[in-house]
Each structure stands twice: as C-alpha cells, then as structure tokens.
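Here the structure is laid out as structure tokens; the discussion comes afterwards.
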Amino acid sequence: MASTLGYVKHAAERKAVEVLVDGMLKNVKNCSDKRQFYLKIVSMAQKFYGKAFTPDKVEAVRKAAEDPENRWFKFIDEIIEETDPRFAKMTLLNLGYEAFLRGTKMIRENRVKYKCNIPWLILFDPTSACNMHCEGCWSGTYGHKNNLSFEDMDKIVTEGKELGVYLYLMTGGEPMVRKKDILKLMEKHRDCYFAAFSNSTLIDDALAAEVARLGNMTFFLSIEGTPDTNDARRGDGHYAAVMKAMDILKKHGVLFGTSICYTSANIEAVTSDDFFRLLEEKGAKFGFYFHYMPTGRNAVPSLLPTPEQRAYMLERIRYVRSAESGISFYPMDFQNDGEFVGGCIAGGRNYFHINSSGDAEPCVFIHYSNTNIHENSVLEMLQSPLFMAYHEGQPFNRNHLRPCPMLENPQLLREMVEKSGAHQTNEEAPESAEELCEKCDDYAKEWAPVAERIWNSQIHRMPTYENYTPEKVLHTDRPVFENV
C-alpha cells in the first residue's frame, strides 16, 4: 500500500513539474516568464533539500534569478533557446526534477537507512570495445572483448532508481558501439537521464535525431586542444571527427559538452582563450577536465602534470567560471574541484563504476573490486568490503586539493585494497595496488606542499551536508568560515 501511494504521489508531482516546464518552454523568449519559472524551482528545491538549503543560499539564488544580467542565468537561457524543445523538457524533468530534487532526497534517506554510501550517479561501461587506441588510455587496460548485456544495464538502472539514482553515465571503450541497446535503455527508462563519454566518431545525423526525440541523454566529447595536441595522443583525423560531431549535435539541438584529459603535454592548449572560444562557437556548454591518471601498465607517467601546471589549472578554471570571464562555457575540474563536493566522490559516495565485465569498482581510475553485477545487487555492491572501506575512510584528506586515495594519498589505497581483499580487474595490463601506487608516490610528495600552501591561503565554507560517517563530519582540523 505504501509503495502504491508513493508511486501515485511521484506521478502527480512529476506531472505538476511537467506542466510548469511546458508553460516555461512555450514562453521561452519571454524573460519575465522564465525568471518566474526559476523562482518556482527555488521554492521546490527548498521543499526537497530542507535544512540543507539554508536561507542565505535561497536568497542568493533568488537574487540571481531576478537579475536579468546575471551571467549564469543568462547562460541557462541560452541553453534552453538553442536546445530542441523535446530535449530541453526531458533535461529539466529528468536531470532537474528526478535527479537533483527528488533523487537527492531519496539518496540521503537511504544513506541513513542502509548505513553505506549511496551514489548520486552510476557510471558503467556498455562495452570495452573501442575503435581508437589513445596513448596512455586507462580504458584500454580492460581489453576489447567484454560487454554488459542489455539485461545487465537494465538491472543497474532499475535497482539504482530504487535507491534514488536517476543519472547514469556511460564510458568504455566507446559507448556508441552499443548505441542500439543504449537507445533501447533510454526508451525504457524515460524518467532517467543518461550521458555518454564518446570519442565522437560514431555520432551521425540518425543518432542525433533519435537522441533529440528521446531527449534524455547528453554527450561528453573527448577533445584535447589543438589539432596537433589532440591527434598526437588520439590519432590522425580525430580532431576533425570531433568538429563534425559537434556540428551534428548542434544542428539537432542536442545539448552536449566535452571531456578533456589534461596532461603535461597539452595543458596550455586545452585552457587557452582560443580553445574556449572554439568550444563556445561549436555549441559545447560544459566540460569535465580530468587530471591524467597513471592507471595500468600501459600508462605514461611522464604525462602527469607538474605541481606548477596543476596549480595553474586550478586558477585558470576558476577564472573561466568567474564573473570576470566572458566565456560562455562552464568547465569542471574533477581533481581540483574537490572542495565543492567534499573531497573524493568515489566508492559510491557520489558515484562508482561498473566495468564491461560487471565488476563494481570504487572509481573509474581504481581497477579493483570484490563484487559483480552478475552476482550481486547494486545495494550489495555498495556494501561490499572495498566500498565500505571507502565509506569509512572518506574524506581521505581534509585538504580537498588532495582528495584521491590513489593520486595524492597512495598509501591509503594500498591499505584499503589489502584490507578488503579486492582483486585487480585489468585484463590487458594487470597491476597490483603496489605497482599502481608506486607511480603516484613521487607525485603525491611533490604536490602536497603546493596544495597545502594554496589551501591555507583560502577561506573555505562549512558545508551544510556531508555524507561522511558521523565521527568524520566535524571540521575541526581545517580553516573554515561560515557564510563567507
């Protein structure tokens, strides 16, 4: 009976949001109507987030929404106007309502109920097959023969939704090798939002048109700066393929972004004004920057950025997001933005990874596991020994510029793998935790004093919500100031 009432309530609530979204999209050119829509979303967020959405946060968002010159609300306006209306609607419903609002509330409740990490998103590999062979690619360490069946992927999404997870990212391999099953998955789970990290080469008009119709998947296209810096690592002709894919997606009104691995060799190219302007012109709206990780025996440690390069990266990305920058593109730095997500998000704290063999790994860069989707439920995977070691160990460092138990705190990964009895999951280039962490030891030592200097020179907010174990919630060991 309770589940039936919950279903009815959910359906009614989603319908109310749908009516609100339809009204806003019909008046997409009317600035006043859109501002009223944003203010209604603020009110809804208060309902779902409760005390975590503090009065000062509510007032700040409200003022920004009411300001017609606010940079980021103008950015949202631009996205809505350039996106296919069907796609815009499903993005607002599934990513906005289901994932950000309703899903977040469910996840937080289930973290308390099950006493383990419950993620906000799940990353999985439909296949390990790829039509490219990029230098130093961690994905290549899995080999090229494994696939998750449609039934496997359906199980992941179905069980994830029961926990409150409505956002699913796909990598590989190249996910679009399995585009038929991915479109089928999108069609079945119309209340979820999907995203694919893609090398762009398999994106064509037919695929873009179908994604626009369904409206519940975006793309992160891999690109690394100029034609020279990009093709040097990814192969001749790849840069041109990305440019073509961007044009196709923009033509069909499909929202997309970028996935950029920054290395010692390309860091200037992927952060230049010219590069950002190119992305803006091509229609990319957001992008993840990923610090190169020396995962697998095929890794190239010389591609690790120097401490000086990483410090530059931190400063540069934050400038591009600032009010002083006029670039209409929102970059996110997976490694340097740890402060804004409470440190390491892996091990199910905010996400985890299921590879193409079904092994559940705490992070896409950490290839160790003691559980598999073919044998366990999603919840059971989150309660497995290695995942519980993450749950009990997070945050791995109170300096969130040193969040990772591999890259910046390698001794901790050694200990967790040994304690949990996890096995390595690389098939092409297997390596022990000791072999992996040895490649990070010198980097961690060199980055630590730079990170400490930067961290201690800044003022940090105290988060209103952190999903750590109770004894780790206090912030007594780092400089934090409220309401800065």
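Because its NZ or CZ atom is not both nearer than 6.0 Å to the ring centre of F329 and within 45° of the ring axis, K285 does not count as a cation-pi partner of that residue. For R14 and Y97, the positive end is not near the middle of the six-membered ring at less than 6.0 Å and at most 45° from its axis. The side-chain tip of R321 points at the ring of Y330 from less than 6.0 angstrom away and within 45° of straight on.
Between I267 atom CD1 and S272 atom OG the span is 12.0 Å, to the nearest 0.5 Å. To the nearest 0.5 Å, the span separating CD1 on I454 from CG on L314 amounts to 5.5 Å. For the atom pair W72 CH2 and I76 CD1, the distance stands at 9.5 Å (nearest 0.5 Å). Taken from CG in D154 to OG1 in T158, the straight-line distance is 4.0 Å, to the nearest 0.5 Å. Rounding to the nearest 0.5 Å places CG of L249 at 10.0 Å from NZ of K251. One distance of note links SG of C440 with CG of L407; it measures 5.5 Å at 0.5 Å rounding.
Listed by chain and number, the residues in a side chain to side chain contact (heavy atoms under 4.5 Å, CB included) with A195 are L169, T218, F220 (sequence neighbours excluded). Contacts of S200 classified as side chain to side chain contact (heavy atoms under 4.5 Å, CB included), with partners at least two apart in sequence or in another chain: L221, V242, A245. Checked against side chain to side chain contact (heavy atoms under 4.5 Å, CB included), V61 has the following partners two or more places apart in sequence or in another chain: V42, F53, F73.
At a cut-off of 3.5 Å, with distance as the only test, a side-chain donor of R310 or N336 sits close to an acceptor on the other residue. One side chain, T271 or Y312, offers a donor N or O that lies under 3.5 Å from an acceptor on the other. T201 and E174 form no side-chain donor-acceptor contact under 3.5 Å, judged by distance and modelled atom types alone. Side-chain N/O atoms of E162 and N110 include no donor and acceptor closer than 3.5 Å. With no hydrogens or angles considered, a side-chain donor-acceptor pair links T127 and N147 at under 3.5 Å. Checked by atom type, the side-chain pair E361/N355 shows a donor-acceptor distance below 3.5 Å. For the residue pair N146 / S128, no side-chain donor-acceptor distance below 3.5 Å is found, with atom types taken as modelled. Using modelled atom types, one finds no donor on one side chain facing an acceptor on the other under 3.5 Å when comparing H238 with N199. For the 3.5 Å distance criterion, the side chains of H291 and Q309 fail to qualify, holding no donor opposite an acceptor.
Ring planes of F334 and F290: tilted class, angle from 30 to 60°. Ring-plane geometry between F352 and F387 is classed as perpendicular, the angle between the planes exceeding 60 degrees on a 0 to 90 degree scale with a lower cut at 30.
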Legend entry - side-chain hydrogen bond (donor to acceptor under 3.5 Å, both in side chains) between H252 and D84, intermediate numbers included: CA-CA 7 Å; H252 287 274; D84 181 290; over 6 Å; no
Inset, instruction - Please step through side-chain contact (heavy atoms from CB on, under 4.5 Å) for the pair M90 and R213, ending with a clear verdict. - result: CA-CA 10 Å; M90 292 301 288; R213 180 187 72 82; over 6 Å; no
Inset, instruction - Kindly indicate, with the supporting measurements, whether the criterion side-chain contact (heavy atoms from CB on, under 4.5 Å) is fulfilled by Y166 and R102. - result: CA-CA 9 Å; Y166 282 82; R102 180 173 175 271; 2.8 Å; yes
Inset, instruction - Would you please test E78 and S328 for side-chain contact (heavy atoms from CB on, under 4.5 Å) and show each step? - result: CA-CA 9 Å; E78 180 183 294; S328 187; 3.0 Å; yes
Inset, instruction - Step by step, work out the salt bridge (Lys or Arg N to Asp or Glu O under 4.0 Å) result for E280 and R277. - result: CA-CA 5 Å; E280 185 179 32; R277 293 300 183 193; 2.9 Å; yes
Legend entry - side-chain contact (heavy atoms from CB on, under 4.5 Å) between Y193 and E98, worked out: CA-CA 9 Å; Y193 203 71; E98 298 287 4; over 6 Å; no
Legend entry - From CA spacing to verdict: side-chain hydrogen bond (donor to acceptor under 3.5 Å, both in side chains), D359, N372: CA-CA 4 Å; D359 298 311; N372 190 289; 3.0 Å; yes
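With a 6.0 Å radius and a threshold of 12 heavy atoms from other residues, nucleotides or ligands, E315 has its CD atom at or below the threshold.
Residues P362 and Y368 fail the side-chain proximity criterion, which asks for heavy atoms closer than 4.5 Å. For the pair H353 and I366, the minimum side-chain heavy-atom distance is 4.5 Å or more. No side-chain heavy atom of C344 sits under 4.5 Å from any side-chain heavy atom of P395. Contact check for L123 versus M170: no side-chain heavy atoms found under the 4.5 Å cut-off. In this structure the side chain of V300 reaches within 4.5 angstrom of the side chain of Y292, judged on heavy atoms.
Side-chain rings of Y390 and F396 approach one another, their centers coming within less than 6.0 Å.
Using a cutoff of 4.0 Å between basic side-chain nitrogens and carboxylate oxygens, E18 and K89 are scored as salt-bridged. Between D181 and R178, at least one side-chain nitrogen of the basic residue sits less than 4.0 Å from a carboxylate oxygen of the acidic one, meeting the salt-bridge criterion.
Closest approach of V270 to F275, counting heavy atoms only: O-CD2, 3.1 Å.
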